[in-house]
Amino acid sequence: MPAPFSELLFRLANLVLAASALGIAALIVRAIHHRASQRVEPLGVVFALVFLGVGMRAAVRVWATPWTLPEGAAATLIAVDWLAAGATFTFLLLRRRYAVFIETAGLVREYETEYAQKEREAQALAQVNEELRRLDQLKSEFLAMVSHELRTPLTAIIGYSRLLTRQVHGPLTSKQLEHQEAIFRGAQRLSDLINDLLDVSRLEAGRVELNPRPTHVRHVVDQVITVVTVAAQAKQIRIENAVPSDLPLVQADPSRLQQILVNLVGNGVKFSSSAGLVRVTAGRQREQVWVAVEDRGVGIPKDELARIWDPFYQVEAPMQRRHGGSGLGLAIVRRLVELHGGVVRAESEGENRGSRFSFTLPAAPETPSTELLSPLEAAPVEPFLNGREVLIVEDEEQTRDLMRVVVEDVLGGVARVCDDGEQGIREAMDRVPSLILLDLMLPRVSGWEVARRLRQVPRTASVRIIAVSALSRSQEREAALHAGCDAYLTKPFTPDELARIVATTLQGQDVGSNR
Ligand code: ADP
């Protein structure tokens with residue numbers, strides 16, 4: 001090959017190589033610059049430098065290298081340079097295709113980084129969740145403990161004031177009776193507040209279980225009227241049960257339905273002026289039954305209608321309040337109705353134009369049932385024990401004495417008392433009583449353990465045991481029944497409630513409780 005021609009080929013190859021390599025370096029730098037993540041890509045920088053180096057070297061060879069190579073070596077050099085130039089040029093031409101792969105690789109890397117980031121966030125969230133669960137558990141335990149401590153003294157207050165108003169120990173003057181009533185009502189309000197607080201907390205934590213059965217709304221309304229009748233009579237308010245007697249049964253937990261209606265009818269009475277009327281109506285709507293409580297009382301401004309369902313919310317400002325209450329009733333009503341699969345609604349034409357609260361419940365499946373329920377069927381209390389012996393195991397003195405008075409003075413039994421679990425077991429073994437009233441939180445040996453041990457010994461295996469406790473969570477109740485107790489009574493209780501559960505248990509009927 002003539003020298004000038006070789007030289008031309010050589011310089012041309014280097015020109016193509018320089019232009020292509022510098023072009024690629026520039027493209028890489030631009031690509032790095034335009035990256036979404038704005039991160040410096042070490043590999044990209046290395047490639048850009050390599051192509052820059054190759055391009056610069058080729059550029060220098062185009063202009064500066066004196067053409068001095070011998071003929072044979074020049075041919076090889078030209079061939080190598082053309083190969084390099086060809087490859088670089090082709091790479092430049094096909095860069096769009098490679099760019100897809102490069103972009104994809106970049107995207108994959110970005111996804112990986114993003115995924116790792118999300119994983120870290122998920123771990124942090126899981127930790128927060130765990131912490132929240134722990135705090136929720138603490139809150140429940142705190143509430144359970146506080147309510148236990150509050151219920152215990154309330155048991156004595158409610159129980160004794162009830163005993164006194166029953167005039168068990170002789171007649172009282174009308175003033176004394178009136179004061180006893182006031183004590184009883186005050187204590188009952190405190191007890192209701194504790195129950196409401198526990199209910200809200202359990203409902204919010206999804207820890208309330210329903211026991212739905214075909215239930216007569218009209219019967220439940222009758223029971224509710226007896227519960228709120230004292231408050232209604234005090235204001236001369238008439239409560240009308242206008243639920244049609246042929247209304248289909250609802251599929252509901254009777255005690256919870258009663259709780260819903262006590263709240264709504266109680267509010268109707270509370271927010272009506274004297275000589276008013278509260279009316280309960282109901283009707284069928286396809287697969288649902290609706291129930292409404294109407295009053296002609298103070299009414300509710302329209303812009304408050306949605307908020308009254310929030311816990312603790314009350315329309316009246318705290319300083320101007322004329323009506324008592326905690327603001328928890330409607331929150332409980334809504335959650336209980338929703339737990340049954342129903343919806344609630346509040347309507348009012350405005351202030352002083354009355355209110356209408358309604359809710360729906362599923363109609364019960366059409367199976368004629370013999371066990372229709374009236375949840376608070378109150379059997380009259382008579383001294384039915386006829387000298388039978390009841391062992392009372394209770395460490396709290398006032399509650400122990402109250403139970404003794406109910407057993408002896410109301411039920412006509414003979415009470416034996418002791419204040420710790422171990423002594424309770426000994427007493428029961430020595431002389432087996434007809435019934436044991438057993439506190440659960442006892443010193444030395446707990447009530448659960450007492451029940452378990454008594455059940456293991458043939459002599460006491462079939463003695464009737466009623467757990468009486470201020471612990472009100474379902475797990476404590478279930479643990480007591482599992483340990484061998486026949487029934488569970490929650491403190492505070494009224495003498496009538498204690499008397500009724502004793503009667504039911506001794507008749508060997510169903511397990512019952514006051515709540
Ligand atoms: P509480 O009755 O203890 O205040 P509720 O949750 O039952 O709590 O009711 C929340 C608020 O809704 C009440 O404070 C009252 O302002 C309003 N409210 C409820 N029922 C009625 C009613 N029948 N008439 C007028 N206002 C009512």
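Note that the structure is predicted; figures quoted are calculated from it, not measured. Worth knowing before you read on, the calculation uses all heavy atoms, side chains too, and leaves out hydrogens, waters and symmetry mates. Whatever order the structure lists them in is the order used to number ligands and atoms, beginning at 1.
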Once you restrict to heavy atoms under 4.0 Å, what part of Tyr313 touches ligand 1? Side chain, backbone, both or neither. backbone

Taking only non-hydrogen atoms of Gly299, do any sit less than 4.0 angstrom from ligand 1? yes

I need the minimum non-hydrogen distance between Arg455 and Ala483, along with the two atoms involved. CG-O, 3.9 Å

Considering Arg296, Glu304, Lys270, Gln314 one by one, which has a heavy atom nearer to atom 4 (O) of ligand 1 than any of the others? Gln314

Inspect the contact between Asp192 and Arg189 and indicate whether a charged nitrogen and a carboxylate oxygen are less than 4.0 angstrom apart. no

Report, in ascending order of atom number, the atoms of ligand 1 lying under 4.0 Å from any heavy atom of Phe357. 19 (C), 20 (N), 21 (C), 22 (C), 23 (N)

For Trp309 and ligand 1, answer yes if some heavy atom of the residue is under 4.0 Å from a ligand atom, otherwise no. no

Salt bridge check: are Asp395 and Arg444 linked by an N-O gap of less than 4.0 Å? no

Could you list which atoms of ligand 1 come closer than 4.0 Å to a heavy atom of Gly327? 1 (P), 3 (O), 4 (O), 6 (O), 8 (O)

Will you find, in the side chains of Gln176 and Thr173, an N or O donor that is under 3.5 Å from an N or O acceptor? yes

Should Glu181 and Arg162 count as an ion pair when the cut-off is N to O under 4.0 Å? yes

Pair Arg400 + Asp420: basic N to acidic O under 4.0 Å: no

Considering only heavy atoms of Leu330, which atoms of ligand 1 have at least one such atom less than 4.0 Å away? 5 (P), 6 (O), 7 (O), 9 (O), 10 (C), 12 (O), 19 (C)

Any idea which atoms of ligand 1 are less than 4.0 Å away from a heavy-atom of Leu328? 6 (O), 8 (O)

Which atoms of ligand 1 are found less than 4.0 Å from any heavy atom of Val298? 25 (C)

Ion pair present between Arg335 and Glu338, side-chain N to carboxylate O less than 4.0 angstrom? no

Any N or O of Phe271 closer than 3.5 Å to N or O of ligand 1: no

Determine whether any heavy atom of Asp295 lies closer than 4.0 Å to an atom of ligand 1. yes

Answer yes or no: is there an ion pair linking Arg133 with Glu130, defined by an N-O contact shorter than 4.0 Å? yes

